[in-house]
Amino acid sequence: MKKVITYGTYDLIHYGHIRLLERAKALGDYLIVGVTSEDFDKNRGKINVQQTLMERLEGVKVTGIADEIIIEEYEGQKIDDICRKEVDVFAIGSDWIGKFDYLKQYCEVVYLDRTEGISSTQIRSSNSSIRLGLKGDAVYLNKIDRECAFVNGIHVLALCSDKGADIKCFADRMQYDTDHYDEFLDHIDAVYVHSTPAEHYHDIVRALEKGKHVICESPISMRKEETAELFELAQQKNCVLQEAIKTAYTTAYARMLLLVQSGKIGKVVSIEATCTSLSKDTDAAGWNSICSWGPVALLPVFQIFGLNYLSSEMISIYNDSHLSQELMTNIRFIYPQGVASVKVGKKIKSEGELVISGTKGYIYVPAPWWKTEYFEIRYEQLTKTRKYYYQLEGEGIRNEFVSFFQNMKGKHTLAYISKEISLEISGIMEQFCTRTNTKIILEDVNEGN
């Protein structure tokens with residue numbers, strides 16, 4: 001019996017897929033079809049797959065062409081599958097010509113012509129295109145624009161930034177200054193907001209009132225009551241309001257949370273999260289330490305321990321008596337089950353690591369942990385230590401926009417950041433601004449050479 005194997009995503013399966021499978025089947029007597037998993041697709045750059053793995057497996061099954069269906073989960077699996085299943089022919093679309101020549105030492109490799117004019121990417125883009133506008137600092141928005149280019153169905157149409165901003169990189173887009181924000185909103189379906197934290201509330205209100213979906217860099221607002229109002233308005237307008245903390249959308253971070261929840265380190269009793277950076281201007285464009293780093297550092301605390309802490313204390317260190325130059329802020333939480341400490345700063349430098357301590361072991365995420373690719377579960381016996389690595393592309397930005405896109409299309413995905421956590425983050429911002437439960441330390445910090 002001559003065995004043939006082929007692989008693909010098979011998202012939104014169409015006539016082109018079926019023709020390719022039929023031609024692959026004709027090369028032998030038995031066809032094995034490998035359907036790529038979500039994680040493997042992400043590593044290959046396919047980050048806006050519309051259907052779940054189970055839906056794609058079922059799509060291949062109902063064609064009735066495959067004799068056997070398997071899941072492709074890791075790099076190098078093709079060699080394993082070919083050897084283990086004694087495959088005679090590897091078949092793949094002609095757009096991959098040369099890419100899989102290395103398999104010729106294991107079996108025959110055949111590149112099949114694809115059906116012209118048909119692809120899942122074209123179907124996704126034509127049926128689900130979203131016109132996105134970017135509002136805020138042009139320098140940072142350039143990064144967002146680059147990452148959105150990897151997300152099928154999202155088209156960055158326009159930019160709204162301050163007058164005189166360097167926006168040469170957006171020369172081919174519609175451009176508006178902040179005085180014409182309403183006009184900017186009229187030309188888009190959704191907006192990404194990265195204005196100053198103090199402006200977030202008003203920018204979001206104006207967008208939602210016009211029926212525009214919003215993804216906003218955290219914090220959504222500087223007051224808990226305002227954030228609650230924004231979520232209520234979004235619901236009334238049938239719009240998506242999503243908080244953008246890119247760490248939450250990285251595969252490694254999500255897997256780490258699952259391992260914690262599964263009890264791999266026992267009962268969690270302590271969380272320590274540190275986020276720092278050296279900045280010449282500690283309050284650049286309104287982004288002080290607590291706004292820049294606070295939401296990121298608070299995320300694992302709230303997602304693991306929850307929101308029902310018994311007490312909290314905030315300690316902020318300033319470099320002047322006017323309380324305008326915040327050097328760092330430390331927040332300590334006491335929970336019924338343990339303690340947590342968050343340290344953030346834009347004019348200090350510390351090891352930006354995350355340590356989650358439990359009764360059986362602990363999780364260590366090295367700096368910079370907010371760009372999580374790698375972490376370890378460590379135990380008293382060193383031989384039991386386990387290391388986990390997940391490739392990260394785009395710092396999590398791509399994945400958060402995929403989630404945003406799917407939510408806009410009504411495919412309500414798992415809430416990476418719950419509304420309750422968004423509200424609590426805004427509550428911590430409010431606590432900082434009002435000096436509630438806050439100790440102030442004034443320190444004359446002299447710059448070194």
Would you call the rings of Phe333 and Tyr335 parallel, tilted or perpendicular, where under 30° means parallel and over 60° means perpendicular?
tilted

On the six-membered ring of Phe401, is Arg398 placed so that its NZ or CZ lies under 6.0 angstrom from the centre and within 45° of the ring axis?
no

Hey, which of Lys135, Gln242, His213, Glu217 is the one that makes side chain to side chain donor-acceptor pair (under 3.5 Å) with Tyr192?
Glu217

Counting neighbours of CD on Gln235 that are heavy atoms of other residues, nucleotides or ligands and sit closer than 6.0 Å, is the number greater than 12?
no

Flag for Glu272-Ser341: side-chain donor and acceptor within less than 3.5 Å
no

Given Tyr201, which of Arg223, Glu229, Arg206 fulfils the side chain to side chain donor-acceptor pair (under 3.5 Å) condition?
Glu229

Between His180 and Asp177, does any side-chain donor sit less than 3.5 Å from a side-chain acceptor?
yes

Find the distance between CZ (Arg56) and NE2 (His17) and round it off to the nearest 0.5 Å.
10.0 Å

In terms of heavy-atom contacts, does NZ of Lys343 have more than 12 from other residues, nucleotides or ligands at under 6.0 Å?
no

Does a donor on one side chain and an acceptor on the other come within less than 3.5 Å for Ser277 and Trp293?
yes

Any chance the rings of Tyr416 and Tyr253 have centres within less than 6.0 Å?
no

What class does the angle between the rings of Tyr390 and Tyr388 fall in, given that below 30° is parallel, 30 to 60° is tilted and above 60° is perpendicular?
parallel

